[in-house]
**Q** 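Before we start, here is the structure in question, set down as structure tokens.
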Amino acid sequence: MRRSMRSLLVATAAAALVLPLCAVSAANATPPGFSSADKDALRNQAPSDLAIGSAVWGKQQLTDYDPAAPTEYQQVLGAQFSSLTPENDMKWDAIHPAPGVYDFASADALVAYAEANHQQVRGHTLLWHSQNPAWVTEAGAAWTCDQARDVLEDHIRTVVGHFKGRIYEWDVANEIFQDTWDNGGVRLRTEANPFLRACADDPVALLVDAFRWAHEADPDAVLFLNDYNAEGVNEKTDAYYELAERMLDAGAPLGGFGAQGHLSLLYGFDTSIQANFERFAALGLQVAVTEADVRIPLLEGETGPTPEQVAVQAERYDAMLEACLNVTACSSFTVWGFPDANSWVPDVFPGEGWATILEDDYSPKPAFDAMLRSLQDATPGVSPRRG
Ligand code: G3I
């Protein structure tokens, strides 16, 4: 049964009129216009030490933001989430399109929207093998390690410095390990990533410095490693665990480990997420679910999933959230955008879809309801939470 969209929009009109403020210190400090009585808002039902986020593409969704006349999407985004991740706006190709040229327009619009809606921002991302501009891809092929280091240091100091004090968590290094099925198996991406490639003789030293540069540019931001297929205890997360130990031993200001949480009903579900989070937490790190979505293989000729698929999707979203709720070091849980019309999934996985927690008219799916119930059960507004 669908609830009306109205119930998801409670109190947003008032919140949208609030002037920009500094980033809130607690993840779920209740902004004016919101009330913990708003039982249908994820952000209001979360424990005070857990941010509930969504990815958003600022360039497409927020550059026209008018606090006096928010779009329906902007109202839902503000009502439901206490944290935003730029889906594309802070990636290299968007923010550093040419040597020495930085374009902060859409990222600035996103941060301004977040602050107007009393949301925190997760920065994404500073070192990745994908979505690099042509000048990095082309020039990078001939870089020495010193040249690569200079380019990366300038980028990190400039971008992190630009947003200093306004970003609570940064995905400093994204997807730096290959998968088991890649040529050579699980190992650092010293071929695909131009920076790691140039410094392949000692990639860990580059990573340590990347985190150091980010920390010097914004000492208050918690600095994350982030990857997919990194939810449970597996070969890839074993590699991350060893890397985290090495980086911490070398004095890197590594603060967190993020599991993206891109799941598919085509595959089984790994129930060791909590155990994985606990081992990283035992290293003194925060953990986070950073990009959750659960895609569904849609049957030939069908536009929607079966009731069974809908139920399994809800279970998987909820299991990821439960693992996060059960580990107090889990600082944020972010879904990778909404609604399905905005999802990256159909472009990349033909035949799969329906991956987000809201319908295209913003009414809640069972996955949304399951998450809301779990948050309500975890004693909203208090810290520390259970577990
Ligand atoms: O650059 C053009 C832009 O100029 C134009 O306005 C736009 C029109 O559609 O196309 C733009 O390119 C898009 C690009 O994002 C923006 O830089 C591509 O079409 C689009 O396919 C691309 O997809 C993004 C993808 O990362 C790229 O790798 C998705 O939106 C984004 O959801 C996805 O996010 C990644 C995370 O960052 C890391 N983890 C995996 C996750 C899913 O792939």
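Everything quoted here is computed from the prediction, not taken from an experiment.
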**Q** Just how far is it from atom CG of Leu263 to atom CG of Asp270, taken to the nearest 0.5 Å?
**A** 9.5 Å

**Q** Less than 4.5 Å apart, side chain to side chain, heavy atoms only: is that true for Thr334 and Glu291?
**A** no

**Q** Do Asp361 and Ser363 have a side chain donor and acceptor closer than 3.5 Å?
**A** yes

**Q** Applying a strict under-4.5 Å side-chain criterion to I, L, V, M, F, W and Y, I'd like to know whether Phe211 and Leu188 cluster together.
**A** yes

**Q** With rounding to the nearest 0.5 Å, note down the distance linking OG1 in Thr237 to CZ in Phe277.
**A** 10.0 Å

**Q** Can a donor-acceptor pair be found between the side chains of Ser374 and Glu322 at a distance below 3.5 Å?
**A** yes

**Q** Would you name the heavy atoms of Ile357 and Ala367 that are closest together and state the gap between them?
**A** CG2-CB, 4.1 Å

**Q** State the CG-CD distance between Leu265 and Glu308, to the nearest 0.5 angstrom.
**A** 11.0 Å

**Q** With a 3.5 Å cut-off and no angle check, do the side chains of Asn117 and Tyr65 form a donor-acceptor pair?
**A** yes

**Q** Regarding Gln119 and Ser83, do their side chains bring together a donor and an acceptor under 3.5 Å, going by distance alone?
**A** no

**Q** Check whether Asn88 reaches the backbone of Trp57 with its side chain - one donor and one acceptor, N or O, closer than 3.5 Å.
**A** no

**Q** Taking all heavy atoms of Leu358 and all of Pro339, pick out the closest pair and write down the distance.
**A** O-CB, 3.6 Å

**Q** Give every residue pair that meets the ring-ring contact (aromatic ring centres under 6.0 Å, His included) criterion with at least one member in residues 213-235, sequence neighbours excluded.
**A** none

**Q** Please state whether the rings of Tyr102 and Phe104 are parallel, tilted or perpendicular, taking 30° and 60° as the class boundaries.
**A** parallel

**Q** Honestly, is Arg279 close enough over Tyr241, meaning NZ or CZ under 6.0 Å from the six-membered ring centre and within 45° of the axis?
**A** yes

**Q** Linking Ile, Leu, Val, Met, Phe, Trp and Tyr through side-chain heavy atoms less than 4.5 Å apart, which residues share a cluster with Leu266?
**A** Tyr267

**Q** Hydrophobic clusters here meaning ILVMFWY residues chained together by side-chain heavy-atom distances under 4.5 Å, can you tell me if Leu321 and Val312 are in one?
**A** yes

**Q** Tell me if the aromatic rings of Phe338 and Tyr73 count as close, with their centers under 6.0 Å from one another.
**A** yes

**Q** Members other than Tyr168 in its cluster, when Ile, Leu, Val, Met, Phe, Trp, Tyr link by side-chain heavy atoms under 4.5 Å?
**A** none

**Q** Val111 and Phe163: side chain to side chain contact (heavy atoms under 4.5 Å, CB included), yes or no, with the steps?
**A** CA-CA 9 Å; Val111 174; Phe163 296 107; 3.8 Å; yes

**Q** Considering residues at least two apart in sequence or located in another chain, which fulfil the salt bridge (charged side-chain N to carboxylate O under 4.0 Å, His left out) criterion with Arg316?
**A** none

**Q** Holding to salt bridge (charged side-chain N to carboxylate O under 4.0 Å, His left out), I want the full list of residues that pass it with Glu278, two or more places apart in sequence or in another chain.
**A** none

**Q** Would you say Ile52 ends up clustered with Val222 if hydrophobic residues are merged whenever their side chains have heavy atoms under 4.5 Å apart, either directly or through other cluster members?
**A** no

**Q** Taking transitive links into account, so neighbours of neighbours count too, which hydrophobic residues share a cluster with Val345 at under 4.5 Å side-chain distance?
**A** Trp336, Trp344, Val348, Phe349

**Q** If I take atom CE from residue Met371 and atom CG from residue Asp318, how far apart are they, to the nearest 0.5 angstrom?
**A** 8.0 Å

**Q** Test your reading of the model: is there a side-chain donor-acceptor pair from Asp220 to the backbone of Gly165, 3.5 Å cut-off?
**A** no

**Q** Could you tell me whether the side chain of Asp171 and the main chain of Ala173 form a donor-acceptor pair under 3.5 Å?
**A** no

**Q** Under the rule for salt bridge (charged side-chain N to carboxylate O under 4.0 Å, His left out), what residues qualify as partners of Asp89, not counting sequence neighbours?
**A** none

**Q** When you compare the side chain of Met90 with that of Ile167, does any pair of heavy atoms fall below 4.5 Å?
**A** yes

**Q** Under a 4.5 Å cut-off applied to non-hydrogen side-chain atoms, are Ile176 and Leu243 in contact?
**A** yes

**Q** Taking all atoms of both residues into account, what is the closest heavy-atom pair of Asp360 and Ala341, and its distance?
**A** OD1-N, 3.0 Å

**Q** Any idea which heavy atoms bring Arg122 and Ser332 closest together, and the distance?
**A** NE-OG, 3.6 Å

**Q** Determine whether Asp150 and Gln147 make a side-chain contact, defined as any pair of heavy atoms from C-beta on separated by less than 4.5 Å.
**A** no

**Q** Please list every donor-acceptor pair under 3.5 Å in which a side-chain atom of residues 196-207 meets a protein atom from a residue at least two apart or in another chain.
**A**
{"residue": "Arg197", "atom": "NE", "partner": "Glu191", "partner atom": "O", "Å": "2.9"}
{"residue": "Arg197", "atom": "NH2", "partner": "Glu191", "partner atom": "O", "Å": "3.1"}
{"residue": "Asp202", "atom": "OD1", "partner": "Ala205", "partner atom": "N", "Å": "3.3"}

**Q** Which side-chain N or O atoms in residues 245-260 pair as donor and acceptor under 3.5 Å with protein atoms at least two apart or in another chain?
**A**
{"residue": "Gln260", "atom": "NE2", "partner": "Asn174", "partner atom": "OD1", "Å": "3.1"}
{"residue": "Gln260", "atom": "NE2", "partner": "Glu175", "partner atom": "OE2", "Å": "3.0"}

**Q** Are Leu285 and Tyr240 connected in a single hydrophobic cluster, I mean Ile/Leu/Val/Met/Phe/Trp/Tyr linked by side-chain heavy atoms less than 4.5 Å apart?
**A** yes

**Q** Taking the side chain as everything from C-beta on, heavy atoms only, tell me whether Glu169 gets closer than 4.5 Å to Gln286.
**A** yes

**Q** Is there side-chain contact between Leu50 and Cys324, with heavy atoms separated by less than 4.5 Å?
**A** yes

**Q** For Ala217 and Arg157, work out which heavy atoms get closest and say how close.
**A** CB-O, 4.0 Å

**Q** To the nearest 0.5 Å, what is the distance between CG on Leu375 and CZ on Phe333?
**A** 8.5 Å

**Q** Has Asp182 got a side-chain atom pairing as donor or acceptor with Asp179's backbone, closer than 3.5 angstrom?
**A** yes

**Q** Enumerate the residue pairs fulfilling ring-ring contact (aromatic ring centres under 6.0 Å, His included) with a member in residues 183-202, sequence neighbours excluded, ordered by first and then second residue.
**A** Trp92-Phe195, Trp143-Phe195

**Q** Do any N or O atoms from the side chain of Lys91 and from the backbone of Glu87 form a donor-acceptor pair under 3.5 angstrom?
**A** yes

**Q** Could you state whether Trp135 and Trp128 fall into the same hydrophobic cluster, counting links through intermediate Ile, Leu, Val, Met, Phe, Trp or Tyr residues with side-chain heavy atoms under 4.5 angstrom apart?
**A** no

**Q** Hey, could you give me the CG/CG distance between Asn226 and Leu126, rounded to the nearest 0.5 Å?
**A** 11.5 Å

**Q** Side chains of Asp108 and His162: donor-acceptor distance under 3.5 Å anywhere?
**A** yes

**Q** When you compare the side chain of Thr71 with that of Asp64, does any pair of heavy atoms fall below 4.5 Å?
**A** yes

**Q** List the atom of Leu152, the atom of Ala210, and the distance in Å for their closest heavy-atom pair.
**A** CD2-CB, 4.2 Å

**Q** When you compare the side chain of Tyr113 with that of Leu77, does any pair of heavy atoms fall below 4.5 Å?
**A** yes

**Q** Has Asn234 got a side-chain atom pairing as donor or acceptor with Ala230's backbone, closer than 3.5 angstrom?
**A** no

**Q** Has the side chain of His96 got a donor or acceptor atom that lies under 3.5 Å from a matching backbone atom of His155?
**A** no

**Q** If we count only N and O atoms by modelled type, under 3.5 Å, do the side chains of Ser82 and Gln120 hold a donor and an acceptor together?
**A** no

**Q** For residues 347-357, which residue pairs qualify under side-chain hydrogen bond (donor to acceptor under 3.5 Å, both in side chains), counting only residues two or more places apart or in two chains?
**A** Ser264-Glu352, Arg295-Glu352, Asp340-Thr356

**Q** With a 4.0 Å cut-off, would you call Glu359 and Lys365 a salt bridge?
**A** no

**Q** What residues form a salt bridge (charged side-chain N to carboxylate O under 4.0 Å, His left out) with Asp293, not counting sequence neighbours?
**A** none

